[in-house]
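Lettering follows sequence order; numbering is per chain, from 1. Values reported hereafter were calculated over all heavy atoms of this structure, with side chains retained and with hydrogens, waters and symmetry mates removed.
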Amino acid sequence: QKEVEQDPGPLSVPEGAIVSLNCTYSNSAFQYFMWYRQYSRKGPELLMYTYSSGNKEDGRFTAKVDKSSKYISLFIRDSQPSDSATYLCAMYSGGSNYKLTFGKGTLLTVNP
Amino acid sequence: GAGVSQSPSNKVTEKGKDVELRCDPISGHTALYWYRQSLGQGLEFLIYFQGNSAPDKSGLPSDRFSAERTGGSVSTLTIQRTQQEDSAVYLCASSNILNSPLHFGNGTRLTVT
């Protein structure tokens with residue numbers, strides 16, 4: 001079992017839809033959770049950063065962490081064509097463990 | 001301010017040649033990471049530098065790969081005797097404090113023919 005599982009998609013939605021992206025993980029030591037957005041031929045760009053369980057909202061984006069289920073989610077409201085990209089979840093334990101473990105990414109297309 | 005800068009953005013080389021990839025981290029960031037991104041494989045950790053501490057080289061796939069970081073700033077990743085399986089995007093990232101998120105460059109796309 002891989003440490004982080006993420007459905008690669010592709011996921012195609014109409015403009016204005018609510019998008020739900022998810023990752024599951026197996027390492028209960030993970031405490032820091034991130035979502036990155038990566039456009040084609042660009043580096044990953046940090047979208048959301050959360051510590052431990054709970055929700056965090058930033059504009060149209062909401063990140064949720066459920067440590068009891070080892071499950072994290074990213075919701076995008078009122079999706080736009082400019083949201084079309086690959087979304088990567090990433091996580092690490094913190095402290096002396098500084099290596100981010102990434103999901104393989106979900107390719108999202110928002111159609112106008 | 002300037003983000004993480006990587007050069008070259010693209011590199012095509014023949015099998016067996018050596019290549020050097022360069023990374024300029026965000027000014028003041030003490031931690032520097034190299035990752036490799038292959039099609040369908042996600043991001044693979046290669047090496048980590050933190051200040052003056054010995055680097056964590058545990059992710060380097062073979063002894064053909066090496067990296068250095070001069071003066072706590074610029075880093076160079078060297079791949080000797082390149083093989084076709086080395087073809088990938090090599091990403092550099094930096095962060096300023098422990099447990100803070102990583103900021104990535106746009107990568108170097110390496111193609112070994």
Side-chain angles (χ1 to χ4, degrees), chain A residues 1-10 21 23-27 29-52 56 58 61 63 65 72 74 85-107, chain B residues 2-11 21 23-26 29-51 53-60 88-111:
Chain A
Q1 180 188 12
K2 290 193 177 295
E3 273 197 301
V4 179
E5 300 274 5
Q6 183 177 9
D7 186 340
L21 304 167
C23 289
T24 59
Y25 62 95
S26 57
N27 186 346
F30 286 143
Q31 296 190 80
Y32 297 87
F33 303 91
M34 279 142 275
W35 285 95
Y36 285 85
R37 177 176 62 195
Q38 187 173 24
Y39 292 115
S40 180
R41 295 188 172 266
K42 296 290 188 182
E45 167 195 13
L46 181 69
L47 273 180
M48 301 290 278
Y49 177 64
T50 55
Y51 170 70
S52 196
K56 183 173 183 179
D58 184 0
F61 298 90
V65 175
I72 70 170
L74 177 71
T86 297
Y87 289 80
L88 300 154
C89 64
M91 53 199 76
Y92 69 121
S93 306
S96 60
N97 187 326
Y98 40 75
K99 301 176 195 176
L100 252 65
T101 300
F102 284 84
K104 289 189 175 182
T106 300
L107 177 60
Chain B
V4 176
S5 178
Q6 292 188 247
S7 60
S9 55
N10 286 283
K11 176 71 177 179
L21 313 178
C23 173
D24 278 281
I26 293 172
H29 281 194
T30 58
L32 187 147
Y33 302 72
W34 285 97
Y35 278 81
R36 179 167 70 175
Q37 187 173 33
S38 305
L39 195 62
Q41 295 302 312
L43 273 78
E44 173 190 8
F45 168 81
L46 297 178
I47 188 168
Y48 165 79
F49 296 90
Q50 171 61 52
S53 302
D56 180 342
K57 305 178 182 181
S58 61
L60 294 178
V89 177
Y90 289 82
L91 291 162
C92 177
S94 67
S95 67
N96 59 348
I97 56 172
L98 193 62
N99 300 332
S100 64
L102 274 59
H103 299 268
F104 283 86
N106 285 326
T108 294
R109 183 175 299 273
L110 176 66
T111 304

Practice item. With a 4.5 angstrom heavy-atom cut-off, could you sort out which part of B/S95 is near chain A: side chain, backbone, both or neither? Key: neither

Check your understanding: Highest number of heavy-atom pairs under 4.5 Å with chain A: which of B/A31, B/G105, B/S9?
Key -> B/G105

Review point. How long is the gap from OH on B/Y48 to OG on B/S53, to the nearest 0.5 Å?
Key: 7.5 Å

Study note, to complete from the structure: Between the CZ atom in B/R36 and the CG atom in B/L110, the distance rounded to the nearest 0.5 Å is 9.5 Å

Review point. How long is the gap from CZ on B/F104 to CG on B/L43, to the nearest 0.5 Å?
Key: 5.5 Å

Practice item. State, with a plain yes or no, whether a side-chain heavy atom of A/R41 is found less than 4.5 Å away from one of B/N106. Key: no

Check your understanding: Can you tell which of B/V4, B/L102, B/L91 has the highest number of heavy-atom pairs within less than 4.5 Å of chain A?
Key -> B/L102

Exercise for review: Heavy-atom distances under 4.5 Å only: say whether B/Q50 touches chain A with side chain, backbone, both or neither.
Suggested key: neither

Point to revise | Heavy-atom proximity to chain B below 4.5 Å, by part of A/L100 | key: both

Review point. For A/Y98, is it the side chain, the backbone, both or neither that has a heavy atom under 4.5 Å from a heavy atom of chain B?
Key: both

Practice item. Using only heavy-atom distances, determine whether the side chains of A/Y51 and A/Q31 contain a donor-acceptor pair under 3.5 Å. Key: yes

**Study point:** For chain B, which residues of residues 32-39 of chain A have heavy atoms nearer than 4.5 angstrom
**Key:** A/Y32, A/M34, A/Y36, A/Q38

Review point. For the residue pair B/Y35 and B/F45, does the interplanar ring angle fall in the parallel (under 30°), tilted (30 to 60°) or perpendicular (over 60°) class?
Key: perpendicular

**Study point:** For A/T106, side-chain hydrogen bond (donor to acceptor under 3.5 Å, both in side chains) partners two or more places apart
**Key:** A/Q6

Study note, to complete from the structure: All heavy atoms of B/V89 vs all of B/G107, minimum pair found to be CG1-CA, 4.1 Å

Check your understanding: For A/M91 and A/N27, what are the C-alpha separation, side-chain angles and deciding distance, and is it a side-chain contact (heavy atoms from CB on, under 4.5 Å)?
Key -> CA-CA 10 Å; A/M91 53 199 76; A/N27 186 346; over 6 Å; no

Point to revise | Contact origin within A/P8 toward chain B - heavy atom pairs under 4.5 Å | key: neither

